[in-house]
Amino acid sequence: MTNVFDSVNDAALRAYLFWVSVLTLKMLLMSPLTSVTRVRKMAFANPEDTNAVSRKLKPKLDDPDVERVRRAHQNDLENILPFFVIGFLYLLTDPAPFLAINLFRLVAASRIIHTLVYAVVVVPQPARFLAFIGAMLPMQYMAVKTILYFL
């Protein structure tokens, strides 16, 4: 009996694991970015955090810069985590290594650019939209290819 993992190309798997690691690190850096933005703007969410700085400060939950970073982080959770799943399942379809590797690169680069233009150096639209689509279309392609393969 053959094992479904026997067909996974080593180069494609290595690329997948590399880019998953990069995107995981990127997501892990979003929490410190939120914290730094909170400190810079003195916009703390909890009374104990404000009291550590000054008893006169009140919690502030609506700072636009803090909320922008938080939305970028939320967007990562909504888009990068599904990539981890669909990218792995796509590997099980025995895709052409060149295609798989470049799809993984495109998704990762697009998600990194999305964060940069959304939360770090705010760039007007359509920059964020293009970065979002740059990851979404390859993920949809991988999902459809996976569904059709295992149909």
Side-chain angles (χ1 to χ4, degrees), residues 1-46 48-49 60-151:
M1 181 175 206
T2 62
N3 186 330
V4 70
F5 296 107
D6 290 341
S7 66
V8 175
N9 177 277
D10 187 57
L13 176 61
R14 290 175 63 79
Y16 168 78
L17 295 173
F18 173 80
W19 289 113
V20 163
S21 299
V22 168
L23 289 175
T24 299
L25 180 61
K26 189 205 103 33
M27 284 194 308
L28 289 171
L29 291 173
M30 292 304 290
S31 293
L33 179 60
T34 303
S35 297
V36 166
T37 307
R38 283 191 184 284
V39 169
R40 184 174 52 83
K41 299 296 298 267
M42 300 300 283
F44 303 103
N46 302 302
E48 63 271 17
D49 299 334
K60 185 175 181 183
L61 301 173
D62 60 351
D63 183 85
D65 294 331
V66 172
E67 289 307 306
R68 177 176 289 277
V69 175
R70 290 183 70 238
R71 286 190 309 271
H73 193 180
Q74 180 67 37
N75 193 279
D76 280 350
L77 295 173
E78 294 168 355
N79 292 279
I80 292 175
L81 296 179
F83 166 69
F84 292 173
V85 174
I86 197 58
F88 178 75
L89 296 175
Y90 178 67
L91 281 173
L92 300 180
T93 68
D94 193 26
F98 176 82
L99 178 59
I101 291 166
N102 284 301
L103 287 172
F104 300 153
R105 286 176 180 159
L106 180 57
V107 170
S110 294
R111 291 308 310 171
I112 292 166
I113 292 168
H114 183 272
T115 296
L116 291 174
V117 301
Y118 193 13
V120 179
V121 179
V122 179
V123 177
Q125 288 287 25
R128 190 173 81 234
F129 172 75
L130 293 173
F132 176 81
I133 290 298
M136 185 56 64
L137 290 178
M139 289 192 329
Q140 289 175 343
Y141 171 81
M142 288 185 278
V144 169
K145 291 296 281 187
T146 302
I147 290 167
L148 293 176
Y149 183 86
F150 289 107
L151 188 63

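- Looking at residues two or more places apart in sequence or on another chain, you find no side-chain contact (heavy atoms from CB on, under 4.5 Å) involving A109.
- No side-chain heavy atom of I133 sits under 4.5 Å from any side-chain heavy atom of L130.
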* Please test R128 against V123 for side-chain contact (heavy atoms from CB on, under 4.5 Å), starting from the C-alpha separation and ending with a verdict. => CA-CA 8 Å; R128 190 173 81 234; V123 177; over 6 Å; no
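- The distance from the CZ atom of F18 to the CG atom of L13 is 14.0 Å, given to the nearest 0.5 Å.
- With sequence neighbours excluded, the residues satisfying side-chain contact (heavy atoms from CB on, under 4.5 Å) with K60 are A43, D62, D63.
- Sorted by first and then second residue, the salt bridge (Lys or Arg N to Asp or Glu O under 4.0 Å) pairs with a member in residues 135-144 form an empty list; sequence neighbours excluded.
- Applying the side chain to side chain donor-acceptor pair (under 3.5 Å) test to N46 and every residue at least two apart in sequence or in another chain returns D49.
- Residue pairs satisfying the salt bridge (Lys or Arg N to Asp or Glu O under 4.0 Å) criterion with at least one member in residues 132-151, sequence neighbours excluded, are absent.
- The CD atom of E78 lies 12.0 Å from the CZ atom of R71; values are rounded to the nearest 0.5 Å.
- Considering all non-hydrogen atoms of both residues, G134 and S110 come closest at C-OG, 3.2 Å.
- In this structure the side chain of I112 reaches within 4.5 angstrom of the side chain of V22, judged on heavy atoms.
- Note: L137 CG to M142 CE = 10.5 Å, rounded to the nearest 0.5 Å.
- For F44, the ring-ring contact (aromatic ring centres under 6.0 Å, His included) test picks out no residue, with sequence neighbours left out.
- Pairs of residues two or more places apart, or lying in two chains, that qualify as salt bridge (Lys or Arg N to Asp or Glu O under 4.0 Å) and include a residue from residues 97-112 are D76-R111.
- Screening residues 84-100 for salt bridge (Lys or Arg N to Asp or Glu O under 4.0 Å) gives no qualifying pairs among residues at least two apart or on separate chains.
- With hydrogens and angles ignored, the 3.5 Å screen pairs a side-chain donor or acceptor of S35 with a backbone N or O of S31.
- One N or O on the side chain of T93 and one on the backbone of Y90 form a donor-acceptor pair closer than 3.5 Å.
- With contacts defined as side-chain heavy-atom distances shorter than 4.5 Å, the pair L103/V107 does not qualify.
- For Q125, the side chain to side chain donor-acceptor pair (under 3.5 Å) criterion is met by no residue, not counting sequence neighbours.
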Pairs under 3.5 angstrom only: tabulate donor-acceptor contacts from the side chains of residues 79-88 to other protein residues two or more places apart or in another chain.
{"unit_1": "N79", "atom_1": "ND2", "unit_2": "N75", "atom_2": "O", "d": "2.8"}
{"unit_1": "N79", "atom_1": "ND2", "unit_2": "N75", "atom_2": "OD1", "d": "3.1"}

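- Rounded to the nearest 0.5 angstrom, I147 CD1 and L151 CG are separated by 9.0 Å.
- V69 and T34 make their closest contact through CG1-OG1, 3.3 Å (heavy atoms, listed as atom of the first residue, atom of the second, distance).
- Atoms OG1 and CE, from T146 and M139 in turn, are 12.0 Å apart once rounded to the nearest 0.5 Å.
- Scored by the side chain to side chain donor-acceptor pair (under 3.5 Å) test, Q140 finds no partners at all (sequence neighbours excluded).
- I101 approaches A12 most closely through the heavy-atom pair CG1-CA, 3.9 Å.
- Within the structure, every pair that satisfies the ring-ring contact (aromatic ring centres under 6.0 Å, His included) test and touches residues 114-151, not counting sequence neighbours, is listed here: H114-Y118.
- In this structure, V120 and L33 have side chains that are in contact, with non-hydrogen atoms separated by less than 4.5 Å.
- Within 6.0 Å of atom CZ in R14, 12 or fewer heavy atoms from other residues, nucleotides or ligands are found, so the atom counts as exposed in its surroundings.
- Annotation: side chain of V8 is in contact with side chain of L92 (closest heavy-atom distance under 4.5 Å).
- Nearest heavy atoms, P95 versus L91: CD-O, 3.6 Å.
- Within the model, atoms CH2 of W19 and CG of L23 stand 8.0 Å from one another, a figure rounded to the nearest 0.5 Å.
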